[in-house]
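What follows is one structure encoded as structure tokens, with my remarks underneath.
Computed from a predicted model, the values in this text were never measured in an experiment. Just so we're on the same page: letters track the sequence lines, and every chain starts at 1.
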Protein chains: 2
Amino acid sequence: MSDPSESARLAVDLRQSLVRVVRRLRATKGFPLPQAAVLHRLDRVGTTSIGELAAHEGVRPQSMAQTIGELEALGLVQRAPDPTDGRRVLLSLTAAGAAALVEERRQRDDWLASAIAEQLDPAERAALAIAIPALSRIADT
Amino acid sequence: MSDPSESARLAVDLRQSLVRVVRRLRATKGFPLPQAAVLHRLDRVGTTSIGELAAHEGVRPQSMAQTIGELEALGLVQRAPDPTDGRRVLLSLTAAGAAALVEERRQRDDWLASAIAEQLDPAERAALAIAIPALSRIADT
DNA sequence: TATTGTTATACTCTATAACTATA
DNA sequence: TATAGTTATAGAGTATAACAATA
């Protein structure tokens with residue numbers, strides 16, 4: 001049974017803490033968050049399209065196109081035509097992009113990982129492991 | 001003991017899910033997120049200063065001053081001089097601000113609360129209840 | 001017609017810098 | 001000098017609208 005007042009309380013507290021953590025993340029040294037997300041995504045899936053990236057991140061294709069343009073200008077991402085569909089563009093990391101990802105991990109990811117390791121107790125880390133996929137599901141709503 | 005690789009994995013997954021939920025929150029009808037946060041905060045503490053609000057949200061006083069200016073222009077927040085310190089400004093909700101908060105709750109908070117109630121199972125909600133204060137602590141780092 | 005992507009433009013959010021007024 | 005707040009300006013992040021190319 002879900003208690004509506006419990007969910008209401010969780011909602012308000014969740015919104016406040018999420019917004020604050022994201023501000024803190026943005027303030028931490030590293031690539032802009034949209035760029036960092038693309039670097040991680042390309043590293044994980046190898047090759048994909050702008051539309052897929054936009055859908056996965058929950059932004060408009062126009063917004064993702066701009067992020068990709070920035071990464072391309074930095075030489076971190078490369079485009080290739082999709083051989084089976086002339087409308088699509090296949091994206092992948094360049095060698096410099098892979099190196100940039102290493103640097104991103106060393107900076108922002110490392111900060112967050114340290115915060116999790118040092119400031120959370122085992123029960124909180126276990127709770128986080130359960131909460132994260134739940135949050136992703138909410139984001140997809 | 002905290003396993004470093006566990007924390008590293010949590011960090012990357014956490015960043016991605018948080019950013020996506022915040023984007024989704026921003027896209028949901030209601031006040032801009034900084035304004036909504038102030039409405040909630042003033043409702044909770046009654047009266048406070050710009051500096052306190054900025055510290056609580058983790059933004060610069062200049063940024064908070066702008067948010068307050070917007071809310072004041074909308075007639076949702078009122079200023080009063082601090083009788084004991086001429087530099088400070090005491091902020092509080094107007095009647096219209098309290099009404100606006102009701103509307104905010106009806107819209108964005110209700111969306112999030114519904115998502116929590118309908119899409120999360122009891123174990124996930126319990127995990128969220130533990131994870132939220134942990135996230136707040138990380139934001140304060 | 002529908003889909004993929006681009007370009008142009010504007011608004012939101014937050015920061016830094018430079019300032020005023022009060023303590 | 002230090003603190004609370006303001007104003008000006010810039011940059012990051014995202015959206016909508018209008019368009020071109022391909023399916």
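Formation of a donor-acceptor pair under 3.5 Å by the B:Arg23 side chain with backbone atoms of A:Val59 is not found in this model. With A:Thr94 contributing its side chain and A:Leu76 its backbone, the two residues share a donor-acceptor pair below 3.5 Å. No side-chain donor-acceptor contact under 3.5 Å links A:Arg24 to the backbone of B:Asp140.
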Quiz: residues 29-42 of chain B side-chain donor-acceptor pairs under 3.5 angstrom, not counting sequence neighbours:
unit_1  : atom_1 : unit_2   : atom_2 : d
B:Gln35 : NE2    : B:Glu70  : OE1    : 3.0
B:His40 : ND1    : A:Arg15  : NH2    : 2.8
B:His40 : ND1    : B:Ala36  : O      : 3.1
B:His40 : NE2    : A:Arg15  : NH2    : 3.2
B:His40 : NE2    : B:Asp109 : OD2    : 2.8
B:Arg41 : NH1    : B:His56  : NE2    : 3.2
B:Arg41 : NH2    : B:Glu52  : OE2    : 2.7

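One finds a salt bridge joining B:Glu103 and B:Arg106 here, because a Lys/Arg side-chain nitrogen approaches an Asp/Glu carboxylate oxygen to under 4.0 Å.
In this structure, A:Leu90 atom CG and C:dT4 atom C1' are separated by 12 Å, rounded to whole Å. Whole-Å rounding puts the B:Arg88 CZ to D:dT6 C1' distance at 16 Å. Per the geometry, CG belonging to B:Leu25 stands 13 Å off P belonging to D:dT14, to the nearest Å. For the pair B:Ile68 CD1 and D:dT7 C1', the computed distance is 16 Å after rounding to whole Å. In this entry the distance linking CE of B:Met64 with P of D:dG5 reads 11 Å, nearest Å. Rounded to whole angstrom, the span from the CZ atom of B:Arg20 across to the P atom of D:dT14 amounts to 13 Å. When the P atom of C:dC13 is taken as reference, atom CZ of B:Phe31 falls 12 Å away, rounded to whole Å. Between the CG atom of A:Asp82 and the P atom of C:dT3 there is a distance of 17 Å, rounded to whole Å.
Annotation: the terminal axes of the helix from C:dT1-D:dA23 to C:dA23-D:dT1 meet at 0°, where each axis is the rotation carrying the C1' atoms of four end pairs onto the next four (5 pairs per end, rounded to 10°).
Contacts between residues 37-54 of chain A and DNA chain D, defined by a heavy-atom separation below 4.0 Å, involve no residue at all. At a non-hydrogen distance threshold of 4.0 Å, nothing from residues 98-112 of chain A comes into contact with DNA chain C.
Scanning for salt bridge (Lys or Arg N to Asp or Glu O under 4.0 Å) contacts around A:Arg60 gives an empty result, with sequence neighbours left out.
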*How does each nucleotide of nucleotides 14-23 of chain C score, in 5' to 3' order, for protein heavy atoms under 4.0 Å: base (B), sugar-phosphate only (S), or none (-)?*
BBBB----BS
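B:Thr141 and B:Arg137 share no side-chain donor-acceptor pair at under 3.5 Å.
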